[in-house]
Amino acid sequence: MVNFSLKDKVALVTGGSYGIGFAIAKALAQAGARIAFNCRSEEHLNQALLDYKALGIEALGYICDVTQEDQVQKMVEDIKQRLGIIDILVNNAGIIKRIPMTEMSVEEYKQVIDIDLTAPFIVSKAVIPGMITKGHGKIINICSMMSELGRETVSAYAAAKGGLKMLTRNIASEYGEYNIQCNGIGPGYIATPQTAPLRERQPDGSRHPFDSFIVSKTPAARWGTTEDLEGPAVFLASDASNFVNGHILYVDGGILAYIGKQPK
Ligand code: NAP
Ligand code: GCO
């Protein structure tokens, strides 16, 4: 019997206050895991705690900036004391800045790299020793279409997500012998607050040009929903994927497989 159960597992989902992180944390909880999550905003934290509770999930929430190693180490230790050593880490927290490269400041570039690439290093480094002690662990890095493709205005984000793909493979390589599997999920274009600007209705009520563009580039002919990511996350967090390591599972409706609609 394939084991998708996460019963008695402790999961940390970074940036789990809403969006993709919240959906993944919800799915892990529904598969049996005990959930901890973090974000920077107290308002987001308090709302998320209510949202988890409304689903019957007693989540542990932390105000913690994933770029700050001291805050991360303190959070991981507190989770160990209150829930136990972390079995499952989802490095989900992330930002994007859509600015033409020649107009992007170095500070703006570094902020994206810090959150989207350096932070997964910081949080993974904090949880791997406990996973080694326990004799198992699952790390899931939330990558992107931009782990494979570029586009205008997202240079920092693409550099970070491309790096995150290789960090995933390197953690898999370095810690596989300790029964730690590190994989990535590469969502396509998902309807969340992060992509809301790309889906805004135009003043005349028409769809945003980028909205129409993405639907035309997606064989599924739709934006993804956060629910589309729940099954893949449970799979990669469970014993069902114990021999899957260093893999980026793209959940993109087929975007990466598709050259684009041919002219009529
Ligand atoms: P989102 O709606 O903007 O949510 C981002 C979450 O991360 C929020 O909870 C935010 O809370 C938290 N966060 C941001 N910076 C943080 C920091 N320094 N420390 C701690 N928490 C932080 O984003 P999303 O669309 O759900 O995306 C989640 C992940 O999926 C990101 O890594 C994103 O790059 C990736 N992704 C998204 C899509 C998509 O189409 N939406 C597709 C592929 C990949 P606070 O602001 O309160 O900190
Ligand atoms: C963008 C989007 C994308 C998505 C996602 C696609 O501006 O192109 O925000 O980057 O967030 O990463 O996989």
Side-chain angles (χ1 to χ4, degrees), residues 12-26 36-49 51-52 59 61-69 71-72 75 90-100 110-120 122-123 140-165 168 184-200 208-211 213-214 217-218 222-230 232-233 248-256:
L12 169 60
V13 179
T14 67
S17 56
Y18 51 79
I20 288 172
F22 181 87
I24 288 178
K26 178 189 70 173
F37 74 99
N38 71 294
C39 58
R40 294 163 300 181
S41 146
E42 190 160 355
E43 181 189 353
H44 291 161
L45 180 86
N46 293 334
Q47 183 56 55
L49 288 169
D51 294 340
Y52 282 116
Y62 294 85
I63 298 294
C64 170
D65 183 333
V66 289
T67 66
Q68 303 304 305
E69 189 168 30
Q71 294 182 28
V72 168
M75 173 177 67
V90 181
N91 282 309
N92 165 80
I95 65 166
I96 192 167
K97 289 185 183 295
R98 301 182 181 97
I99 304 168
K110 287 182 177 177
Q111 189 188 4
V112 175
I113 297 291
D114 275 355
I115 297 172
D116 294 9
L117 178 56
T118 308
I122 290 171
V123 187
I140 302 170
N141 293 324
I142 307 300
C143 296
S144 162
M145 294 289 93
M146 274 64 217
S147 296
E148 302 291 343
L149 302 170
R151 85 173 185 83
E152 301 80 358
T153 76
V154 296
S155 57
Y157 185 81
K161 293 300 187 178
L164 185 56
K165 172 175 71 174
T168 300
I185 289 177
Y189 279 80
I190 311 294
T192 72
Q194 191 245 51
T195 55
L198 305 174
R199 291 176 282 107
E200 277 172 359
H208 191 295
F210 196 91
D211 179 352
F213 167 68
I214 285 303
K217 289 288 282 182
T218 308
R222 67 173 174 88
W223 282 71
T225 66
T226 56
E227 287 72 27
D228 289 320
L229 300 167
E230 293 179 13
I248 312 298
L249 177 54
Y250 288 101
V251 184
D252 66 353
I255 294 176
L256 289 179

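Atoms within a ligand are numbered from 1 in the order they appear, just like the ligands themselves.
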Undergrad: Measure the acute angle between the ring planes of Trp223 and Tyr189, then classify it against the limits of 30° and 60° as parallel, tilted or perpendicular.
TA: perpendicular
Undergrad: Identify, for atom 3 (O) of ligand 1, the protein heavy atom at the shortest distance, and state residue, atom and that distance.
TA: Gln194 CB, 3.6 Å
Undergrad: Under 4.0 Å, heavy-atom basis, I'd like to know which part of Ala191 is in contact with ligand 1: side chain, backbone, both or neither.
TA: neither
Undergrad: Any idea which heavy atoms bring Ala23 and Glu230 closest together, and the distance?
TA: O-CG, 3.7 Å
Undergrad: Using a strict 4.0 Å cut-off to heavy atoms of Thr195, name the atoms of ligand 1 that fall inside it.
TA: 39 (C), 40 (O), 41 (N)
Undergrad: Could you tell me which non-hydrogen atom of Tyr62 sits nearest to which non-hydrogen atom of Leu45, and how far apart they are?
TA: N-CD1, 3.4 Å
Undergrad: Between Asp65 and Gln71, what is the shortest heavy-atom contact and its length?
TA: N-OE1, 2.7 Å
Undergrad: Could you tell me the residue and atom name of the protein heavy atom closest to atom 30 (O) of ligand 1, and the distance to it rounded to 0.1 Å?
TA: Ile142 CG2, 3.3 Å
Undergrad: Please state which protein non-hydrogen atom is closest to atom 20 (C) of ligand 1 and give its distance, to 0.1 Å?
TA: Cys64 O, 3.3 Å
Undergrad: Do you know the tightest heavy-atom contact between Gly15 and Ala93?
TA: N-CB, 3.8 Å
Undergrad: If we ignore angles and hydrogens, is there a donor and acceptor under 3.5 Å between the side chains of Thr67 and Asp114?
TA: no
Undergrad: For ligand 1, which atoms sit closer than 4.0 Å to a heavy atom of Asn38?
TA: 20 (C)
Undergrad: Taking the inter-plane angle between the rings of Phe37 and Tyr52 on a 0 to 90° scale, is it parallel (under 30°), tilted (30 to 60°) or perpendicular (over 60°)?
TA: tilted
Undergrad: Roughly how far, to the nearest 0.5 Å, is CG of Asn141 from NZ of Lys165?
TA: 13.0 Å
Undergrad: Looking only at atom types and distance, does a side-chain atom of Ser147 sit under 3.5 Å from a main-chain N or O of Lys161, one as donor and one as acceptor?
TA: yes
Undergrad: Taking only heavy atoms of Ile96 into account, list the atoms of ligand 2 that are under 4.0 Å away from them.
TA: 1 (C), 7 (O), 9 (O), 10 (O)
Undergrad: Please answer whether the main-chain N or O of Ile190 pairs with a side-chain N or O of Thr195 as donor and acceptor at a distance below 3.5 Å.
TA: yes
Undergrad: Any atom of ligand 1 sitting under 4.0 Å from a heavy atom of Lys161?
TA: yes
Undergrad: Would you mind checking which non-hydrogen protein atom is closest to atom 2 (C) of ligand 2, with the distance to 0.1 Å?
TA: Tyr189 CE2, 3.3 Å
Undergrad: With a 4.0 Å heavy-atom cut-off (strictly under), which part of Phe22 contacts ligand 1: side chain, backbone, both or neither?
TA: neither
Undergrad: Hey, what do you get for NZ (Lys26) to CD (Glu227), rounding to the nearest 0.5 Å?
TA: 5.0 Å
Undergrad: Note the single closest protein heavy atom to atom 19 (N) of ligand 1, along with its residue, its atom name and the distance in Å.
TA: Val66 N, 3.1 Å
Undergrad: How long is the span from the NE2 atom in His44 to the SG atom in Cys39, to the nearest 0.5 Å?
TA: 7.0 Å
Undergrad: If I take atom CD1 from residue Ile248 and atom CG from residue Leu256, how far apart are they, to the nearest 0.5 angstrom?
TA: 11.5 Å
Undergrad: Give me the atom names and distance for the closest heavy-atom approach of Asn92 to Val13.
TA: CB-CG1, 4.3 Å
Undergrad: In the protein, what heavy atom is nearest to atom 42 (C) of ligand 1, and what distance, to one decimal place, separates them?
TA: Gly188 O, 3.1 Å
Undergrad: Under 4.0 Å from a heavy atom of Met146: which atoms of ligand 2 are those, numbered in the order shown and with their elements?
TA: 10 (O)
Undergrad: Considering all heavy atoms of both residues, which atom of Arg222 and which atom of Gly224 are nearest to each other, and what is their separation?
TA: NH1-CA, 3.6 Å
Undergrad: Checking Thr218 now: which residues fulfil side chain to side chain donor-acceptor pair (under 3.5 Å) with it, not counting sequence neighbours?
TA: none
Undergrad: Is Ser144 close to ligand 1, meaning an N/O of one under 3.5 Å from an N/O of the other?
TA: no
Undergrad: Of the side chain and backbone of Asp65, name the one, both, or neither that has a heavy atom under 4.0 Å from an atom of ligand 1.
TA: both
Undergrad: Donor-acceptor pair, distance only, cut-off 3.5 Å: does the side chain of Asp116 make one with the backbone of Ala160?
TA: no
Undergrad: For Asn92, state whether at least one heavy atom is located under 4.0 Å from any atom of ligand 1.
TA: yes
Undergrad: Ligand 1 and Cys39, any nitrogen or oxygen pair closer than 3.5 angstrom?
TA: no
Undergrad: Got the closest protein heavy atom to atom 5 (C) of ligand 2, with its distance?
TA: Ser144 OG, 3.6 Å
Undergrad: Check each heavy atom of Ile115 against ligand 1 and say whether those closer than 4.0 Å belong to the side chain, the backbone, both or neither.
TA: side chain
Undergrad: Taking 4.0 Å as the limit for heavy-atom contacts, which would you say applies to Thr192 with ligand 1: side chain only, backbone only, both, or neither?
TA: side chain
Undergrad: Of all the atoms in ligand 2, which lie at a distance below 4.0 Å from a heavy atom belonging to Arg151?
TA: 1 (C), 7 (O), 8 (O)
Undergrad: For atom 10 (O) of ligand 2, grab the closest protein heavy atom and report residue, atom and distance to one decimal in Å.
TA: Tyr157 CE2, 3.2 Å
Undergrad: Among all protein heavy atoms in this structure, tell me which lies nearest to atom 6 (C) of ligand 2, with the distance rounded to 0.1 Å.
TA: Gly188 O, 3.4 Å
Undergrad: Within the 4.0 Å heavy-atom shell around Met145, which atoms of ligand 2 are there?
TA: 6 (C), 13 (O)
Undergrad: Would you say Gly224 touches ligand 1, if touching means a heavy atom closer than 4.0 Å?
TA: no
Undergrad: Below the 3.5 angstrom mark, is there an N/O of Asp116, backbone or side chain, next to an N/O of ligand 1?
TA: no
Undergrad: Does Ala48 have a non-hydrogen atom less than 4.0 Å from ligand 1?
TA: no
Undergrad: Heavy-atom contacts with Gly19 under 4.0 Å: which atoms of ligand 1 show up? List them by number with element.
TA: 26 (O)
Undergrad: Indicate yes or no: does an N/O atom of Met145 lie under 3.5 Å from an N/O atom of ligand 1?
TA: no
Undergrad: Of the backbone atoms (N, CA, C, O) and the side-chain heavy atoms from C-beta on, which set of Arg40 has a member under 4.0 Å from an atom of ligand 1: side chain, backbone, both, or neither?
TA: both
Undergrad: Measure the CZ-CD1 distance between Arg199 and Ile214 for me, rounded to the nearest 0.5 Å.
TA: 11.5 Å
Undergrad: Give the atom numbers and elements of ligand 1 that come within less than 4.0 Å of a heavy atom of Ser17.
TA: 8 (C), 9 (O), 11 (O)
Undergrad: Among all protein heavy atoms, pick the one closest to atom 11 (O) of ligand 2 and tell me residue, atom and distance.
TA: Gln194 OE1, 2.8 Å
Undergrad: Would you mind telling me if ligand 2 is within reach of the side chain of Thr153, the backbone, both or neither, using heavy atoms under 4.0 Å?
TA: neither
Undergrad: Under a 4.0 angstrom heavy-atom cut-off, which atoms of ligand 2 come close to Arg98?
TA: 1 (C), 2 (C), 7 (O), 9 (O)
Undergrad: Examine the proximity of ligand 1 to Ala119 and report which part, side chain or backbone, both or neither, has a heavy atom under 4.0 Å away.
TA: neither
Undergrad: With nothing but distance in play, are any N or O atoms of Gly15 less than 3.5 Å from an N or O of ligand 1?
TA: yes
Undergrad: Please report whether ligand 2 has a polar contact with Phe210, defined as an N or O pair separated by less than 3.5 Å (distance criterion only).
TA: no
Undergrad: Looking only at distances, please establish whether an N/O atom of ligand 1 is found under 3.5 Å from an N/O atom of Ile190.
TA: yes
Undergrad: Look only at interatomic distance and state if Ser41 has a nitrogen or oxygen under 3.5 Å from any nitrogen or oxygen of ligand 1.
TA: yes
